[in-house]
A.B. asks: 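Can you read through this structure? Questions will come right after.
In the text below, chain A, chain B and the rest are named by the order of the sequence lines, each starting its count at 1.
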Amino acid sequence: MKSLQTNQKPEIVIALAGNPNAGKTTLFNALTGMKQKVANYPGVTVERKEGIWKLGDKTASLIDLPGLYSLDATSLDEQIARDVLTGKVENLPKPDAIIAVVDATNLERNLYLVTQLFEYKIPVVVALTMVDVFEKEKHEIDAEKLSEMLGASVVSIKASTGHGIDELEEKVGAKIGKREEIPFVLNESTENGNAKIFERYNFISNAVQESVKHNDLEEHNFSEKLDRILTHKFFGLLILIGVLLLVFQTIFSWAELPMNLLESGFGALNEFVKTKLPEGILADLITDGIIAGVGGILVFLPQILLLFLFISLLEDTGYMARAAFLLDKLMSKFGLHGKAFLPLMSSFACAIPGVMATRTIENPKDRLATIMIAPLMSCSARLPVYTLLIATFFAEQKVFGFLSLGAVLMLAMYAIGIIAAIIVAFALKKTLLKSETPPFVMELPPYRMPNFRTVFQNMFQRAGLFIKRAGTVILAISIVLWALTYFPRPAENAETPVFTTTSEEKCLCPETAARLKDEAKKAEDEKQSLALQNSYAGQLGHAIEPYIEPLGFDWKIGIALISSFAAREVLVSTLSIIYNVGKDVDAESDTLTNAIREAKRPDGSAVWTPLTAITLMVFFVLAMQCMSTIAIVRRETNSWKWTLFMVGYMTVLAYVAAFLTYQGGKFLGFG
Amino acid sequence: MNFQNIVVGIVILGAIIYVGLMFWKKAKSFKPTNSVCADDCGCENKKKSKI
């Protein structure tokens, strides 16, 4: 390995290309002795790394291209790489040779880029990295045979130790000044992008079959057999539905005990504070605001933990990639780009990373279509809302005698989101975002035993985020919301019967005393309920009530809908606070679920019915109730027009779907 | 004004400031910085991501 000072004028230009994480930078540093110059490609802020490499008696300028998977599409990185290879970059001549860094552990995928590099007719030398790792995985690779099959020199290197660097220098030196031909037939006349991809992969497949020996055939065959079932268009989908039902059913049954314990814990804490603190505004704030608001959310921690445990397990075993493959086939039929699947999968945890992950989609219209539908995926913040309503109205109910109705409803909510996303994407791709969907090749990872350390790490990381959110954002919103439900206070001189145990009352018979106590309590509850109605939040709720009445929602649900715009799970905190402040939570209805079941309208009819619960869930699946998502969409699209379009269409969709659910349900006699 | 009112007042004020700051931070993040422009129709200030 030799290097020169950067002030020497290079005679030749060599480009270093490869997939991300193939070992390109390590090789670049090894060849240039880490003497690199960093500049920007003109007109854009993409970094360009350039170094000097002494190649025999010549001086070469080594250009490190951005990490690429292909040169197919129009992403910025690929555009720059193509410009470099065709000599279109200012002050940078066309390269005399290309060193293609190929990761042996991902041979097929890495060689795909190499086949595209061949098409530039510039001499290519393949630098094979990670051979030692590949051989540890029970495979053997014959570099000479691979070289013969590819029609290009192949050198095994280990840049960190310098192994193979001299041979690489020799091979590259020998190629300078030579014109290369494409070593395979590429039918240029074909217009079909898929046909070209298949031609390249055929060539790669032949080369790999001849040069690589797999000693893990048994595992490989098993994996192939399993894939045939799990990615089957009918049985695969059936298995996916079964797996999801099992996951939801397990979440409900396993989480029940810890949830009840947490609920009792917060109830006991509430009682403890009430007995220790004197009656007054401070005790009300702590019990009705902080404990009800934050505790109301924290009881869902077991469910969040279990959801992420199962997601991590499915990801780590390799099954999630098969599920992705299955749904990708379905989505591509509706014009969605294959690369849209990963952002959409991320959106099941949270739409924010999902929207950010769309950056991998090159076509701006495909990317925009994916951003527009990502918030329709049921994120983890919706889980407490679904769980609360399911636990309140559908707990213990079975379908076909063995399936929990809760699990079926939960699956239905996820399915509604996916179906709505597919329909919206289809409509957008046919109208506003009309464009060809480019072909996409998906690599399925091997099946393996899950790494429990990673699984638990992931699970606790998500739980940490949930607790942090409850202790910060939700705590602050709960306090503000409590203040809005508490103020303005009714005049102190308002008539309120007060029950006190006087010596005279002690003489009353127990029945009369109980009746008096009951009446006094009723009067106190009425006063509290009136105070809530006249509070700032109550006034706001009443103002929007006429608009949400057709959905079966009253003004209290209206307040919860407004507050949940800050974060979806705040709906649960809000209901908890409202029913506490309004004194709907009494000795008989000491939990939020009981309070919801027993809530009454002024005419004495129940506020909540199973139909109201389903309507609210449908509204929540489709509504854009998340300020953070709106912010990220605005940032990523750089357009108010599209951000408002998304908020608008989702709100209209949610309202119409909830209206149809409620009115349709009532019409069918479910009201 | 008694002690309880003062404590509750401070807590509410703190919560309002926190929520306000959160909204302000979110509003600030509405401004695109270093974003990849997805809208090829209305991107006057087209900026590209750094790699």
Side-chain angles (χ1 to χ4, degrees), chain A residues 20 40 43-47 66-67 75-77 80 277-278 280-286 289-290 355-356 358-359 361 363-372 432 472-473 475-483 486-487 566 627-628 630-643, chain B:
Chain A
N40 278 340
V44 285
T45 53
V46 174
E47 243 172 41
S75 79
L76 183 61
D77 296 348
I80 287 169
L277 280 179
I281 190 169
L282 186 61
D284 286 348
L285 167 68
I286 296 173
I290 297 173
V355 169
M356 287 171 76
T358 60
R359 288 181 179 199
I361 303 170
N363 184 327
K365 287 182 177 172
D366 283 334
R367 181 167 177 248
L368 203 46
T370 313
I371 291 176
M372 290 295 112
L432 298 173
T472 53
V473 181
L475 171 68
I477 292 175
S478 296
I479 293 169
V480 175
L481 207 70
W482 172 84
Y486 198 82
F487 296 108
M627 196 181 60
S628 308
I630 297 175
I632 204 78
V633 168
R634 160 69 184 125
R635 211 174 73 178
E636 289 295 306
T637 59
N638 196 8
S639 157
W640 270 115
K641 185 182 77 183
W642 282 106
T643 310
Chain B
M1 190 174 267
N2 66 25
F3 172 73
Q4 283 202 17
N5 286 348
I6 294 169
V7 173
V8 171
I10 292 169
V11 172
I12 293 174
L13 201 67
I16 290 172
I17 292 171
Y18 185 88
V19 174
L21 275 175
M22 190 187 77
F23 273 86
W24 182 71
K25 259 171 79 180
K26 290 272 179 278
K28 233 178 83 177
S29 69
F30 274 63
K31 237 171 98 183
T33 45
N34 273 341
S35 65
V36 179
C37 183
D39 176 12
D40 56 349
C41 316
C43 283
E44 290 94 350
N45 298 316
K46 205 166 180 172
K47 284 187 180 177
K48 307 284 176 148
S49 65
K50 276 195 172 185
I51 60 162

A.B. asks: At a heavy-atom separation under 4.5 Å, does A:T472 approach chain B through its side chain, its backbone, both, or neither?
C.D. replies: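 Both backbone and side chain.
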A.B. asks: Check each atom of B:V7 against the heavy atoms of chain A and say whether the ones under 4.5 Å are side chain, backbone, both or neither.
C.D. replies: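 Answer is side chain: those atoms of B:V7 sit under 4.5 Å from chain A.
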A.B. asks: Using a 4.5 Å cut-off on heavy atoms from C-beta on, say whether the side chain of A:V633 contacts that of A:M372.
C.D. replies: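 A side-chain contact exists here, since the closest heavy-atom pair is under 4.5 Å.
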A.B. asks: Rounded to the nearest 0.5 Å, how far does CD1 of A:I371 lie from CE of A:M356?
C.D. replies: 11.0 Å
A.B. asks: Could you state the interatomic distance from CH2 (A:W640) to CD1 (A:I630), rounded to the nearest 0.5 Å?
C.D. replies: 8.5 Å
A.B. asks: So for A:L285, is it side chain, backbone, both, or neither that comes closer than 4.5 Å to the heavy atoms of chain B?
C.D. replies: side chain
A.B. asks: What residues, two or more places apart in sequence or in another chain, satisfy side-chain contact (heavy atoms from CB on, under 4.5 Å) together with B:I12?
C.D. replies: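 side-chain contact (heavy atoms from CB on, under 4.5 Å) list for B:I12, sorted by chain: A:I479, A:W482, A:A483, A:F487, B:V8, B:I16.
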A.B. asks: Find the one option among A:I290, A:V473, A:I286 whose heavy-atom pairs under 4.5 Å with chain B are most numerous.
C.D. replies: A:V473
